[in-house]
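The structure under discussion appears below in the form of C-alpha cells.
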Amino acid sequence: MNTTTQAVPPRRVWWLGVGFTVWCLALVVLYAMHAIGCEFGWPIGTLRTALVVVFIAALAVVGGLWRRYARVPPDPAQGESGSFLHEVVVWTLITAWVASLLTLGPPLLLSTCV
C-alpha cells in the first residue's frame, strides 16, 4: 500500500455478508411460517400468499441492496483494494439474489401441509 491510498474501513467488509444474511433470514422465516401455518391449520390460500410475500420481500431487499451498492462508485482514495472490495460485494449481492430465487422459489410450487 502506498502513502496516497487509505485503508479500506472494516465496516465496508460487513457488506460481504449482508445479502446472504437477508437470504438466511428469509429462509428461516419462510420455513417457520410454513410449519406454523400447517400446524395451526391456516387456510392454504392464506398460507401460500404469506409465503409468496416473504419470498418477494427477500428478493426485493437483496435486489434493492444490490442496486443501491452498485450505483455508488468505489472510493478512489482507497485504491485497488477499495475497488476490488466494491466489485466483490456487488457480485456477492448478485449471488445472494440468485440463491434466493433458486432456493426460496421452487418450494412455493409444492403442495403445502402434506
Side-chain angles (χ1 to χ4, degrees):
M1 181 168 68
N2 69 34
T3 58
T4 61
T5 60
Q6 303 173 10
V8 177
R11 70 180 179 277
R12 299 273 315 270
V13 178
W14 285 103
W15 276 98
L16 288 170
V18 169
F20 281 104
T21 300
V22 173
W23 169 82
C24 184
L25 289 171
L27 184 72
V28 169
V29 169
L30 193 87
Y31 281 97
M33 187 179 293
H34 183 263
I36 291 168
C38 288
E39 186 63 31
F40 289 109
W42 293 357
I44 298 300
T46 303
L47 178 58
R48 190 168 299 275
T49 301
L51 296 176
V52 168
V53 167
V54 171
F55 171 66
I56 291 172
L59 288 178
V61 169
V62 175
L65 289 169
W66 168 22
R67 181 176 178 214
R68 179 176 174 226
Y69 198 83
R71 283 187 171 187
V72 176
D75 186 3
Q78 294 172 351
E80 291 181 18
S81 295
S83 296
F84 177 74
L85 180 63
H86 185 271
E87 195 70 25
V88 170
V89 168
V90 168
W91 281 102
T92 303
L93 289 169
I94 291 169
T95 307
W97 191 88
V98 171
S100 298
L101 185 68
L102 295 176
T103 59
L104 303 177
L108 299 177
L109 303 174
L110 302 174
S111 60
T112 55
C113 305
V114 177

What's the spacing between [X] [atom1] and [Y] [atom2] if we round to 0.5 Å?
X	Y	atom1	atom2	answer
Arg48	Leu109	CZ	CG	7.5 Å
Thr21	Trp14	OG1	CH2	9.0 Å
Thr92	Trp66	OG1	CH2	12.5 Å
Leu51	Ile56	CG	CD1	11.0 Å
Leu65	Leu93	CG	CG	6.0 Å

message = Which residue is it: Val29, Leu30, Val54? I am looking for the one with a side-chain contact (heavy atoms from CB on, under 4.5 Å) to Leu104.
response = Leu30
Nearest atoms (heavy-atom pairs only) where [X] meets [Y]:
X	Y	answer
Val62	Gly19	CG2-O, 3.9 Å
Val22	Ala58	CG1-O, 4.3 Å
Pro74	Gly82	CB-O, 4.0 Å
Cys113	Leu47	SG-CD2, 3.8 Å

task = Could you tell me how the ring of Tyr69 sits relative to the ring of Trp15: parallel (under 30°), tilted (30 to 60°) or perpendicular (over 60°)?
result = tilted
task = Indicate yes or no: at least one non-hydrogen side-chain atom of Pro107 is less than 4.5 angstrom from one of Tyr31.
result = yes
task = Would you mind reporting whether Phe55 and Leu101 have side-chain heavy atoms less than 4.5 Å apart?
result = yes
Is [Y] reachable from [X] through a run of hydrophobic residues whose side-chain heavy atoms are each under 4.5 Å from the next?
X	Y	answer
Met33	Phe40	yes
Trp97	Val88	yes
Trp42	Val53	no
Val61	Leu25	no
Leu102	Leu59	yes

ask   = Does His34 use its side chain to pair, donor to acceptor, with the backbone of Leu108 at less than 3.5 Å?
value = no
